[in-house]
Amino acid sequence: MDIYLLSCVAQKLAVPAPARELYISAWFRKARSYTEGTGQPWFILSAKYGLVHPDKVISPYDLTLNDMAVADRRQWASRALAQLGPHLDGVESVVFLTGQHYRKFLEPPLRSCGLAVSVPMEGLRIGEQLRWLNRALDG
């Protein structure tokens, strides 16, 4: 079984909502559709909340790992790993649909646990990611 991890995005609703609906950018909506189409479990990596189940109602916030110091990102990753741990039974692979800051300190411990890690859009700029997602959704 695979587990998918999507990063949070800046564009959000202005009111609390289930996490799958809170993030409203075109990228997130496409990434969510792609991920839901796999039938595999997935979560959102939130700069504020850590690991978030798609159905969990959360409030909007203005925070990104991209602006955090390295020490803060390490602390965030430790929290997210602790939250992810109970969901890893039967998981063979972790698929990241995230930027580098959202996976940098998560990848090594996941790999050291024997999990395969995949980053299908690694190195692609946002427009290229949108094209990749469009092709994946049309395919």
Side-chain angles (χ1 to χ4, degrees):
M1 172 174 62
D2 297 334
I3 194 166
Y4 283 74
L5 301 177
L6 282 64
S7 60
C8 63
V9 297
Q11 292 178 299
K12 300 172 190 71
L13 295 173
V15 296
R20 70 171 11 105
E21 297 169 15
L22 181 73
Y23 305 99
I24 57 174
S25 73
W27 181 91
F28 186 87
R29 288 182 176 181
K30 288 176 189 295
R32 183 189 73 199
S33 293
Y34 168 74
T35 300
E36 288 176 338
T38 69
Q40 299 293 315
W42 66 283
F43 294 88
I44 298 156
L45 294 173
S46 161
K48 180 172 182 176
Y49 299 106
L51 187 81
V52 179
H53 189 279
D55 294 330
K56 181 171 177 60
V57 175
I58 58 175
S59 296
Y61 57 93
D62 186 22
L63 186 65
T64 175
L65 293 187
N66 298 331
D67 298 332
M68 286 185 187
V70 172
D72 294 332
R73 289 198 315 265
R74 283 183 192 275
Q75 184 177 11
W76 173 89
S78 292
R79 175 184 173 200
L81 278 170
Q83 293 169 315
L84 181 60
H87 303 284
L88 293 177
D89 285 343
V91 171
E92 298 172 2
S93 174
V94 179
V95 181
F96 283 93
L97 300 181
T98 70
Q100 175 65 22
H101 286 149
Y102 284 80
R103 63 179 191 272
K104 181 174 183 172
F105 299 116
L106 295 175
E107 282 187 66
L110 292 171
R111 288 182 194 278
S112 72
C113 291
L115 294 168
V117 172
S118 172
V119 186
M121 295 187 289
E122 186 170 21
L124 300 181
R125 293 184 297 266
I126 190 70
E128 294 168 326
Q129 290 180 28
L130 287 167
R131 285 192 291 282
W132 187 95
L133 288 164
N134 284 334
R135 284 193 302 273
L137 289 167
D138 291 342

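Sequence positions, counted from 1, serve as the residue numbers for this chain.
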Tell me who clusters with Val57, hydrophobic residues only, linked when side chains sit under 4.5 Å apart either directly or through other members. none

Any chance the rings of Tyr34 and Trp132 have centres within less than 6.0 Å? yes

Give, for atom CG of Leu6 and atom CZ of Phe43, the distance between the pair rounded to the nearest 0.5 Å. 11.5 Å

With a 4.5 Å cut-off on side-chain heavy atoms, are His87 and Ile3 touching? yes

Does the side-chain contact (heavy atoms from CB on, under 4.5 Å) test come out yes or no for Val95 and Thr38, once each step is laid out? CA-CA 11 Å; Val95 181; Thr38 69; over 6 Å; no

Suppose we screen for side chain to side chain donor-acceptor pair (under 3.5 Å). Which residues come up paired with Gln75, at least two apart in sequence or across chains? none

If you look only at distance, which donor and acceptor atoms sit under 3.5 Å apart when one is on a side chain in residues 12-22 and the other is two or more places apart or in another chain?
unit_1	atom_1	unit_2	atom_2	d
Lys12	NZ	Val9	O	2.8
Lys12	NZ	Ala10	O	3.3
Lys12	NZ	Tyr61	O	3.2
Arg20	NE	Glu36	OE2	3.1
Arg20	NH1	Asp55	OD1	2.1
Arg20	NH2	Glu36	OE2	3.0

Leu84 side chain reached by Leu5 side chain, heavy atoms, under 4.5 Å: yes

Side chain to side chain donor-acceptor pair (under 3.5 Å) filter on Arg29, not counting sequence neighbours, yields none

Separation between CZ of Arg111 and CG of Leu106, rounded to the nearest 0.5 Å: 11.5 Å

For the CG atom of Leu51 and the CG atom of Leu81, what is their distance to the nearest 0.5 Å? 9.5 Å

Rounded distance (nearest 0.5 Å) linking atom CG of Leu45 with atom SG of Cys8: 8.0 Å

Distance from Tyr49 atom OH to Lys56 atom NZ, nearest 0.5 Å? 8.5 Å

Should the heavy atoms of other residues, nucleotides or ligands under 6.0 Å from CZ of Arg74 be counted, would the total exceed 12? no

Could you check whether Tyr102 and Trp76 have their ring centres less than 6.0 Å apart? yes

Can Phe105 and Arg73 be said to form a side-chain contact (heavy atoms from CB on, under 4.5 Å), step by step? CA-CA 8 Å; Phe105 299 116; Arg73 289 198 315 265; 4.0 Å; yes

Residues 114-131 side chain polar contacts: donor-acceptor under 3.5 Å, at least two apart:
unit_1	atom_1	unit_2	atom_2	d
Glu128	OE1	Arg125	N	2.7
Gln129	OE1	Trp27	NE1	2.8
Gln129	NE2	Leu124	O	2.9

How long is the gap from NZ on Lys30 to OG on Ser25, to the nearest 0.5 Å? 10.5 Å

pair His101-Thr64: side-chain heavy atoms closer than 4.5 Å: no

How close do Ser7 and Ile44 get, counting heavy atoms only, and between which atoms? C-CG2, 4.3 Å

Which residues share a side chain to side chain donor-acceptor pair (under 3.5 Å) with Asp67, sequence neighbours left out: none

Thr35 (side chain) donor-acceptor with Arg32 (main chain) under 3.5 angstrom: no

